[in-house]
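One structure is given below, encoded as structure tokens.
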There are 2 protein chains.
Amino acid sequence: MTKEDWKKYSEADSECAVRNVLDRLGDKWSMLVIIVLGVEGTLRFNKLHSFIGDISQKMLTVTLKSLEADGLITRTVFPEIPPRVEYALTERGASLLPHMEALAEWAATHMEGIYASREKYVRS
Amino acid sequence: MTKEDWKKYSEADSECAVRNVLDRLGDKWSMLVIIVLGVEGTLRFNKLHSFIGDISQKMLTVTLKSLEADGLITRTVFPEIPPRVEYALTERGASLLPHMEALAEWAATHMEGIYASREKYVRS
DNA sequence: CAGCATCCCCGCGGATACTG
DNA sequence: CAGTATCCGCGGGGATGCTG
């Protein structure tokens, strides 16, 4: 990233790549769903729900719809009774995984120091 | 990331690295501030404000305080009149830059496809 | 110049109940 | 099983005004 590109990252239009990715993945659950699907592979709704645990049914539905709309996951309905719906990463979704892992590793590496900083900050 | 590590990424405790990083950087402005400081180098308050443009003064202050508390940026006050305050990335903050750039590049690469997917999705 | 204080709105997301 | 529909509280964040 060069200085000449800064407009791409700080202007408030739809061309700002960072804002776009943040608006899409910065919500409470999107990245987590992508990671779980990436690690576990194809999962059906309730399985996904139990893996994440503390997400509400509503938000899981909303998140999945949004990711599907963006072409990051696929939703496959099997016309059976009881119904079965399977979710899986698309190639585009899978291409995000390395970045998610990198961020997670960064967080794991620096979490301790960040906590220490914050405590010192609070006390001062 | 192995399957054995999934708990790190989907459990709702403070050990979840992904949730931690998202809670800290997933807000509306943190990543943008880090990127601008990374690209432009040390900046004072109003300069930062004008670079980002559409951030409110309040949110810039709040964001800077949070990043400072986490040890991602430094805040240097020069005891002059009128006052001068300079912000710069710490080493820890700078270590985030490559990941931010990677995400931005991912977004730039896939934005067009994502928009196309979403339009098709809306129409169906 | 670099903020802090206050007011206030709106939309994210949880809880609950219902359906094909 | 895999959702929809509805209600509602909370807090993120904008606008405005004031200060050392």
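Just so we're on the same page: letters track the sequence lines, and every chain starts at 1. If you're wondering where the values come from, they're calculated on a predicted model, not measured in any experiment.
Between the OG1 atom of B/Thr76 and the CZ atom of B/Arg44 there is a distance of 12.0 Å, given to the nearest 0.5 Å. Here CG of B/Leu96 is found 9.5 Å from CG of B/Leu67. Values are rounded to the nearest 0.5 Å.
Remark: P of D/dG13 and CG of B/Asp54 are 13 Å apart, rounded to the nearest angstrom. Counting to the nearest Å, the C1' atom of C/dA2 and the CD atom of B/Glu80 are 13 Å from each other. Between the P atom of C/dG3 and the CD atom of B/Glu86 lies a distance of 12 Å, rounded to the nearest Å. Separating the CZ atom of A/Phe45 from the P atom of C/dT19 is a distance of 18 Å, rounded to the nearest angstrom. Between B/Leu48 atom CG and C/dC1 atom P there is a gap of 15 Å when expressed in whole angstrom units. Rounded to a whole Å, the CG atom of A/Leu32 is 15 Å from the C1' atom of C/dG13. In this structure, CZ of B/Phe51 is placed 14 Å from P of C/dA2, rounded to the nearest angstrom. The interatomic distance linking A/Asp23 (CG) with D/dG12 (C1') rounds to 14 Å, in whole Å.
Formation of a donor-acceptor pair under 3.5 Å by the A/Ser66 side chain with backbone atoms of A/Val62 is not found in this model. The closest donor-acceptor contact from the side chain of A/Arg24 to the backbone of B/Ala107 lies at 3.5 Å or more, if one exists at all. Listed for the B/His49 side chain is no donor-acceptor partner under 3.5 Å among the backbone atoms of B/Phe45.
Of the residues in residues 55-62 of chain B, B/Ser56, B/Lys58, B/Met59 come within less than 4.0 Å of DNA chain D through at least one heavy atom, sorted by number.
Listed pair A/Arg75 / D/dG3 meets the phosphate criterion, a side-chain N or O lying under 4.0 Å from OP1 or OP2. The side chain of A/Lys28 contributes an N or O atom lying less than 4.0 Å from OP1 or OP2 of C/dG14. An OP1 or OP2 oxygen of C/dA2 is reached within less than 4.0 angstrom by a side-chain nitrogen or oxygen of B/Arg44. Applying the 4.0 Å criterion to OP1 and OP2 of C/dC4, one finds that B/Lys65 has a side-chain N or O inside that range.
Counting non-hydrogen atoms under 4.0 angstrom, A/Tyr87 reaches the backbone sugars and phosphates but no base.
Taking the side chain as every heavy atom from C-beta outward, A/Val39 and A/Leu97 never approach each other to under 4.5 Å. For the pair B/Lys28 and A/Asp23, the minimum side-chain heavy-atom distance is 4.5 Å or more.
The listed nucleotides are D/dG13, D/dG3, C/dC1; the one nearest the side chain of B/Asn46 is C/dC1. Comparing atom distances between the B/Pro83 side chain and each of D/dG14, C/dC4, C/dA2 picks out C/dA2 as nearest.
A residue-by-residue look at B/Trp29 and A/Leu64 shows that A/Leu64 has its nearest nucleotide of DNA chain D further toward the 5' end.
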